[in-house]
Amino acid sequence: MSRYEPSQSEAKWQLAWDEADVFKARRDPAKPKYYVLEMFPYPSGRIHMGHVRNYTMGDVVARYKMSCGYSVLHPMGWDAFGMPAENAAMERGGHPKDWTYANIADMRGQMKPLGLSIDWSREFATCDPEYYGQQQAMFLDMLAAGLVYRKSAQVNWDPVDMTVLANEQVIDGRGWRSGAPVERKELTQWFFRISDYAGELLEALEGLTDWPEKVRLMQANWIGKSRGLQFAFGVLDAPEGFDRLEVYTTRPDTLLGASFAAISPEHPLARHLERHDPKAAEFIAECRRIGTTEEALEKAEKKGFDTGLRVRHPMDEAWEMPVYIANFILMDYGTGAIFGCPAHDQRDFDFATKYGLAINAVFEAEDSPSALTEAYVPMKSERVRYIRGFAGAEVQTGDDGVSEAISFCESNGIGRGVTNYRLRDWGLSRQRYWGCPIPVVHCPSCGVVPEAKANLPVKLPDDVSFDQPGNPLDRHPTWRDCTCPKCGAAARRETDTMDTFVDSSWYYARFTSPHAATPTDAQDADYWMNVDQYIGGIEHAILHLLYSRFFARAMHKTGHLPAKAIEPFNALFTQGMVTHEIYLTRDAQGRPVYHLPEDVEDGKLSATGETVEVIPSAKMSKSKKNVVDPVNIIQAFGADTARWFVMSDSPPERDVEWTSAGAEAAYKFLNRVWLLCDRIGEMPADAPGEGDMALLRAMHRAVHDVTQSIETFAFNKAIAKIYEFTNTLSKAQASGAAMRDAMRTLAQLISPMVPHLAEDIWAKLGGKGLIVTAPWPKADPAMLVDDTVVLPIQINGKRRSELSVPKDMPAAEVEKLVLTDETVLKVLAGQAPKKLIVVPGRIVNVVI
RNA sequence: GCCCGAGUGGCGGAAUGGUAGACGCAGGGGAUUCAAAAUCCCCCGCCGCAAGGCUUGUCGGUUCGAGUCCGACCUCGGGUACCA
């Protein structure tokens with residue numbers, strides 16, 4: 001008998017894999033390729049259980065596909081630019097670069113013991129000049145291709161720190177450090193023309209059949225295609241240049257229910273009034289105190305300012321309406337101006353009620369019209385009766401009403417039907433140091449000039465300090481001052497850096513040739529793209545994934561990716577979070593003091609015996625101290641236990657709660673497998689036994705079920721099947737040869753999840769070579785069929801009895817048998833059943 | 001606010017519209033042991049002595065049959081364009 005000692009054997013097998021170089025991705029024309037990618041991590045410095053779960057899932061897929069004969073690419077890198085590095089520099093001193101690379105080294109050191117099948121030779125960080133230099137080259141190509149432009153946009157401005165704030169740095173409308181009320185400020189910034197691709201990005205979602213439906217839905221809603229009418233109101237006594245007010249509406253059928261027009265505080269007309277009307281200026285200033293986020297804007301109280309201007313209804317010369325500036329109208333959507341129909345829009349209804357405007361119903365419910373105490377907003381597909389309609393039938397659906405209204409307006413010269421998208425262009429400028437510099441130069445005579453490609457990468461300067469707020473690049477004279485690449489005159493470098501979403505929008509492509517002298521290598525990209533399986537958090541469902549889809553198209557347009565790669569991720573899987581209970585005690589003031597799980601035992605603090613409050617599981621976070629450090633778990637139980645547990649307990653798309661009991665159970669199971677292997681290994685190969693056939697059938701059943709479960713990402717079910725098979729095997733009385741065969745197969749089935757233990761078993765039972773390179777077992781279909789089935793008998797839908805019959809017994813014969821069943825006879829009491837339903841091979845239902 | 005999910009025993013969960021609770025944890029009983037740990041075997045949704053009844057967040061509907069489909073709601077989670 002030997003002991004299961006993961007600390008020794010895990011290191012041993014990791015070395016063996018390294019020496020055999022089994023995870024090196026090679027372009028092999030003889031094999032099909034498989035590219036599996038997990039969303040790369042931000043180098044915070046510590047891996048957490050969420051990482052372990054994410055990378056174990058990818059590892060299971062990678063190892064399984066390798067066994068199935070694929071040439072696998074499974075790389076790892078670091079999403080290394082971003083705010084936390086600058087925050088660390090500000091709080092603790094030091095340099096973002098040093099902090100980041102030290103974190104990367106730490107995290108790599110924590111990840112390696114997990115035994116992941118990663119090709120580490122492809123590792124890179126997005127803050128490597130080698131990587132971001134290629135990103136700058138692509139930016140210049142995209143600029144030349146017309147995919148990038150500059151325009152004015154608003155940012156959160158901290159007037160005390162004199163710095164731009166990210167949305168998460170604005171707390172209750174105030175700067176997180178200064179506490180000063182945040183203002184909106186306009187800056188000229190760079191944008192990607194993602195909205196040019198809105199229609200295509202929407203339509204192509206249909207082809208992403210291996211993406212979760214919820215992600216496709218979220219993206220479709222985000223892109224937000226709408227069909228509507230754009231038309232102009234005539235403005236009475238208009239200020240010069242504003243005699244027409246263009247509005248966009250998705251409900252032109254409600255035009256005769258209009259009672260006001262409203263414009264965005266950023267609308268040119270509002271801007272004009274701001275300069276000439278102090279009251280308007282005051283209102284607009286108030287609007288600007290609301291944050292820049294959609295959430296803040298939507299949740300803010302809806303307010304308007306009556307400009308005193310009036311517009312004429314396009315269908316009635318005599319009909320005049322007031323024009324408001326309203327805080328909820330977005331300048332980025334439509335024309336930045338709307339008309340309000342209070343009867344059929346709740347927001348307009350509230351607005352009209354507040355400002356005493358008319359509420360005129362345009363249509364009413366077909367059957368039961370009722371008084372308007374709130375806006376009547378039926379589904380557009382519902383039929384309604386138009387009482388102020390002007391186009392189409394009196395009774396029609398909202399959709400038809402809209403179409404008819406657009407046709408009517410077009411033929412009467414009132415406006416034109418237009419298709420609009422909610423999706424806005426992607427602002428990529430960041431007023432920060434730790435990001436990829438935007439490679440352009442501002443020249444007094446040539447204007448905005450792209451940096452020459454020969455001068456790339458435009459490297460971040462190292463000699464910067466973070467002792468004052470703001471972007472250090474802005475106050476770095478030798479870096480900022482440069483010469484114009486076009487005319488050679490003195491010029492200034494762009495000091496904005498790129499949004500880190502740019503970095504993560506093409507790393508998957510860079511992994512195919514991570515050190516090429518161009519952004520991608522055509523042959524490598526052609527062989528390895530697309531990512532066959534992408535795995536990551538649902539929190540990236542919209543932004544990261546949509547930006548990546550756009551970027552792949554932009555890369556194709558600029559010659560950096562083949563046409564087949566414009567949808568870069570063939571299949572997507574979104575995994576849940578790892579959660580843990582939260583433990584806390586209270587200090588003298590009643591404030592919570594959080595405690596690490598490892599310091600709590602049986603609901604009490606180990607040190608003092610004080611009882612802790614327990615809050616239900618939440619996402620692991622440092623501030624709540626409900627974190628379990630994978631490094632501790634690996635030291636205590638081994639990587640295989642950590643891997644087994646994160647895969648076993650919950651369906652992978654759902655959150656998993658880390659419990660120490662669960663981790664111990666995983667460890668116990670692996671021990672059991674180890675001992676079982678020992679026992680079988682000691683059986684003489686020719687030891688006689690019975691039940692070889694039964695064991696063989698169970699083995700094929702297990703191979704089939706586990707394979708199916710892995711293929712469908714049901715890892716928890718795969719593990720349940722492995723438990724069942726292990727139970728069967730340990731109770732089996734089969735011959736030595738059959739037992740060994742079954743045990744080796746068991747080792748293969750567990751090998752994607754617990755690869756180290758699997759290698760140990762394989763080696764002990766005489767498997768050939770490394771299990772990691774052994775071909776995946778195949779289930780024989782003939783071994784999977786059962787001859788008899790047990791049919792449950794229901795009476796009025798409730799299970800009352802059962803019946804064992806040959807698998808293919810005709811329904812008529814089953815019926816006869818059912819009517820002889822004791823329970824059925826008793827319930828029928830001599831009467832005939834009303835109905836007898838026989839679902840062959842499944843169930844019988846007797847209706848009485 | 002808006003968009004998208006999720007809710008099943010004490011706990012994590014399983015279930016092509018067809019036996020609700022597979023598998024695991026916790027718990028109970030037993031074997032082994034001088035004893036304990038470890039290991040092995042058995043029991044285990046709730047109410048009830050039992051017969052039986054109830055049970056998949058709540059309420060309603062479709063169906064011979066609903067955890068699964070439809071409608072309304074409740075709670076929790078993700079996103080909301082400068083967190084990554």
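Each chain gets a letter, A, B and so on, in the order its sequence line appears, and its residues count up from 1. Quantities reported herein were computed from a predicted structural model and do not represent experimental measurements.
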Could you list, one pair per line, each protein nitrogen or oxygen that sits under 3.5 Å from a nitrogen or oxygen of nucleotides 4-8 of chain B, together with the distance?
{"from": "B/G7", "atom 1": "OP1", "to": "A/Arg654", "atom 2": "NH2", "distance (Å)": "3.3"}

**OP:** Would you give a per-nucleotide map of nucleotides 21-31 of chain B, 5' to 3', where B means the base has a protein non-hydrogen atom under 4.0 Å away, S means only the sugar-phosphate does, and - means neither?
**Re:** -BSSS------
What nitrogen or oxygen pairs link the protein and nucleotides 61-68 of chain B at under 3.5 Å?
{"from": "B/C64", "atom 1": "O2'", "to": "A/Asn845", "atom 2": "ND2", "distance (Å)": "3.3"}
{"from": "B/C64", "atom 1": "O2", "to": "A/Asn845", "atom 2": "ND2", "distance (Å)": "2.6"}

Original post:
Which residue pairs pass the side-chain hydrogen bond (donor to acceptor under 3.5 Å, both in side chains) test when at least one of the two sits in residues 167-176 of chain A, sequence neighbours left out?
Top reply: A/Asn156-A/Asn167, A/Asn167-A/Thr292
Original post:
Separation of A/Tyr507 atom OH from B/A84 atom C1', in whole Å?
Top reply: 12 Å
Subject >> Consecutive Watson-Crick or G-U pairs in runs of at least 3, all under 3.5 Å, in which RNA chain B is involved >> reply: B:1-7 with B:74-80, B:10-12 with B:23-25, B:27-31 with B:39-43, B:45-47 with B:52-54, B:57-61 with B:69-73
**OP:** With sequence neighbours excluded, tell me which residues meet ring pair (Phe, Tyr, Trp, His ring centres under 6.0 Å) with A/Phe351.
**Re:** A/Phe260, A/Tyr324, A/Phe328, A/Tyr355
Subject >> Counterpart residues, side chain to side chain donor-acceptor pair (under 3.5 Å), relative to A/Ser801 (two or more places apart) >> reply: A/Asp821
Subject >> Those residues that, when tested against A/Tyr131, pass ring pair (Phe, Tyr, Trp, His ring centres under 6.0 Å) (two or more places apart) >> reply: A/Phe124, A/Trp506
Original post:
Can you name the side chain to side chain donor-acceptor pair (under 3.5 Å) partners of A/Tyr333, sequence neighbours left out?
Top reply: A/Ser226
**OP:** Any chance you could measure A/Leu428, atom CG, to A/Gln189, atom CD, to the nearest 0.5 Å?
**Re:** 8.5 Å
Subject >> Partner set under ring pair (Phe, Tyr, Trp, His ring centres under 6.0 Å) for A/Trp426, not counting sequence neighbours >> reply: A/Phe192, A/Tyr547
Subject >> Spacing of A/Glu802 atom CD relative to B/U19 atom C1', expressed in whole Å >> reply: 8 Å
Could you write out each protein N or O paired with an N or O of nucleotides 72-74 of chain B at a distance under 3.5 Å?
none

**OP:** Identify, with sequence neighbours excluded, every residue that meets ring pair (Phe, Tyr, Trp, His ring centres under 6.0 Å) alongside A/Tyr197.
**Re:** A/Phe550
Subject >> Side-chain-base donor-acceptor pair under 3.5 Å for A/Gln431 and B/C82 >> reply: yes
